[in-house]
Amino acid sequence: MVLPDVHFRLATDSGVFSGDRLDPGTRVLLETVPPPPAGGDLLDLGCGYGPVALTMAARAPEATVWAVDVNRRAVELCGRNATAAGLYKVRSVHADEVPPQVRFAAIWSNPAIRIGKPALHAMLTRWLDRLVPGGTAHLVVQKHLGADSLQRWLTGQGFATTRVASRSAYRVLAVSARPAPGPDRPTEEHPP
C-alpha cells in the first residue's frame with residue numbers, strides 16, 4: 001500500500017474485505033481525512049487486514065489504535081501486519097473484545113454498508129456513542145450505496161454530520177460526537 005506519507009507491504013488473504021488490493025473507498029478516506037489526534041485511543045472500525053489502522057498508527061505514533069472487526073481472520077492479519085510494520089500500539093481485536101470503558105478521540109471507517117440498514121445503524125450507533133466529547137469519526141461511503149441517506153440518518157440521530165470530501169463515487173462524512181446528556185437531552189436510563 002502506497003500513500004504520499006506511508007508505504008506498507010501488507011499480507012492479505014481471501015475471505016477479508018478487498019483482499020486483493022486497497023479498496024478505492026479506503027484510498028479516498030486515507031487521502032482526504034485530516035491527521036488523527038496525536039494521542040489517546042483511536043478506532044479503525046472494520047479493520048480488515050489493516051490499511052486504515054496502520055495508517056492511523058503511523059500518523060499518530062503516540063496514540064493507541066484499536067483495530068476491530070467481526071472477522072477473526074481479518075483481526076489476525078491486521079495484527080500481523082502491524083507487527084511487521086513495527087507499529088506496536090495497534091490493538092487488533094474482535095469487536096466484542098474492546099473494553100467497555102475505552103472511548104475514542106477519532107474513528108475512521110469504510111463501514112460494511114452491505115450488511116443492511118438495521119445492522120449498519122446498530123453498529124454505527126454502538127461505536128459512535130464511544131466518541132469522546134469533541135471526537136470525530138470519518139466514514140467513507142459510496143454515493144450509490146446511500147452516502148446521502150446515511151448522512152441524513154446520522155444527523156437525525158443527533159450526530160452532527162457533514163460531507164468533507166467527494167471523489168470517485170465516494171463521499172467522506174465527518175461525524176461529531178453527540179452532545180453529552182444534560183437537562184435538555186435525556187439519557188435512555190433517565191427518560192423525560
Side-chain angles (χ1 to χ4, degrees), residues 1-3 5-33 36 40-61 63-100 102-131 135 137-142 145-147 150 168 170-173 175:
M1 178 183 85
V2 177
L3 296 170
D5 60 330
V6 294
H7 303 85
F8 298 116
R9 182 181 286 315
L10 301 175
T12 66
D13 199 358
S14 60
V16 296
F17 176 69
S18 196
D20 60 341
R21 65 187 167 90
L22 183 63
D23 173 74
T26 300
R27 179 172 295 282
V28 169
L29 177 74
L30 296 175
E31 290 178 350
T32 60
V33 293
D41 290 294
L42 311 177
L43 175 65
D44 171 7
L45 176 58
C47 66
Y49 58 89
V52 172
L54 273 64
T55 302
M56 290 179 99
R59 291 178 180 170
T64 298
V65 177
W66 293 85
V68 304
D69 206 301
V70 295
N71 180 328
R72 296 226 181 248
R73 179 70 177 132
V75 168
E76 176 189 328
L77 282 167
C78 181
R80 284 194 351 221
N81 284 328
T83 299
L87 298 168
Y88 301 107
K89 294 192 82 173
V90 173
R91 306 284 178 262
S92 186
V93 298
H94 187 274
D96 293 332
E97 297 171 345
V98 178
V102 176
R103 297 292 179 260
F104 303 103
I107 298 171
W108 289 2
S109 183
N110 184 345
I113 295 296
R114 295 180 191 269
I115 62 175
K117 282 188 180 181
L120 173 68
H121 292 169
M123 176 186 70
L124 290 176
T125 301
R126 172 185 179 186
W127 295 102
L128 293 173
D129 275 338
R130 293 178 71 169
L131 282 167
H138 285 88
L139 312 175
V140 64
V141 181
Q142 282 189 18
L145 291 180
L150 180 62
S168 304
Y170 293 92
R171 299 209 196 284
V172 178
L173 305 176
V175 184

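What you see is a predicted model, and the numbers here were worked out from it, not measured in a lab.
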> Do the non-hydrogen side-chain atoms of Phe104 and Leu45 ever get within less than 4.5 Å of each other?
Replying inline: no
> Does the side chain of Val33 come within less than 4.5 Å of Arg59's, by heavy atoms?
Replying inline: yes
> Distance from Leu29 atom CG to His138 atom NE2, nearest 0.5 Å?
Replying inline: 8.0 Å
> Under 4.5 Å between any side-chain heavy atoms of Pro111 and Val141, yes or no?
Replying inline: yes
>> Rounded to the nearest 0.5 Å, what separates atom CG in Leu150 from atom CZ in Arg171?
In response: 12.0 Å
>> Within this structure, what is the CZ-CG distance for the pair Arg91 and Asp44, rounded to the nearest 0.5 Å?
In response: 14.5 Å
>> Which residues pass the salt bridge (charged side-chain N to carboxylate O under 4.0 Å, His left out) test with Glu97, not counting sequence neighbours?
In response: Arg72
> How far apart are the closest heavy atoms of Trp66 and Pro99, and which atoms are they?
Replying inline: CH2-CD, 3.6 Å
> Shortest non-hydrogen contact from Val65 to Ala53?
Replying inline: CG1-O, 3.8 Å
> Under the salt bridge (charged side-chain N to carboxylate O under 4.0 Å, His left out) test, which residues partner Arg103, sequence neighbours left out?
Replying inline: none
>> Would you compute the distance between atom OH of Tyr49 and atom CG of Leu54 and round it to the nearest 0.5 angstrom?
In response: 10.5 Å
> Which atom pair, heavy atoms only, marks the closest approach of Gly46 to Asp69?
Replying inline: C-OD2, 3.4 Å
> Hey, does Leu139 have a side-chain heavy atom less than 4.5 Å from the side chain of Leu124?
Replying inline: yes
>> Can you give me the closest heavy-atom contact between Gly25 and Asn110, atom names plus distance?
In response: C-ND2, 4.0 Å
>> What's the separation between atom OG1 in Thr55 and atom CD in Glu31, rounded to the nearest 0.5 Å?
In response: 10.0 Å
>> Using side-chain contact (heavy atoms from CB on, under 4.5 Å), reason through Thr32 and Val140 one step at a time and then give a plain yes or no.
In response: CA-CA 10 Å; Thr32 60; Val140 64; over 6 Å; no
> Is a side-chain donor or acceptor of Ser92 paired with a backbone partner of Val75 at a separation under 3.5 angstrom?
Replying inline: yes
> At their closest point, which heavy atom of Met56 faces which heavy atom of Pro36, and how far apart are they?
Replying inline: O-CG, 4.0 Å
> Do Trp108 and Leu30 have side-chain heavy atoms sitting under 4.5 Å apart?
Replying inline: yes
> What is the distance from atom CG of Leu42 to atom CD1 of Ile107, rounded to the nearest 0.5 Å?
Replying inline: 10.0 Å
>> I'd like to know whether Leu43 forms a side-chain contact (heavy atoms from CB on, under 4.5 Å) with Arg130, so could you lay out the CA-CA distance, the side-chain angles of the two residues, the decisive distance to 0.1 Å, and finally the verdict.
In response: CA-CA 10 Å; Leu43 175 65; Arg130 293 178 71 169; over 6 Å; no
>> Restricting to non-hydrogen atoms, name the atom on Val90 and the atom on Ala82 that form the minimum distance, rounded to 0.1 Å.
In response: CB-CB, 3.7 Å
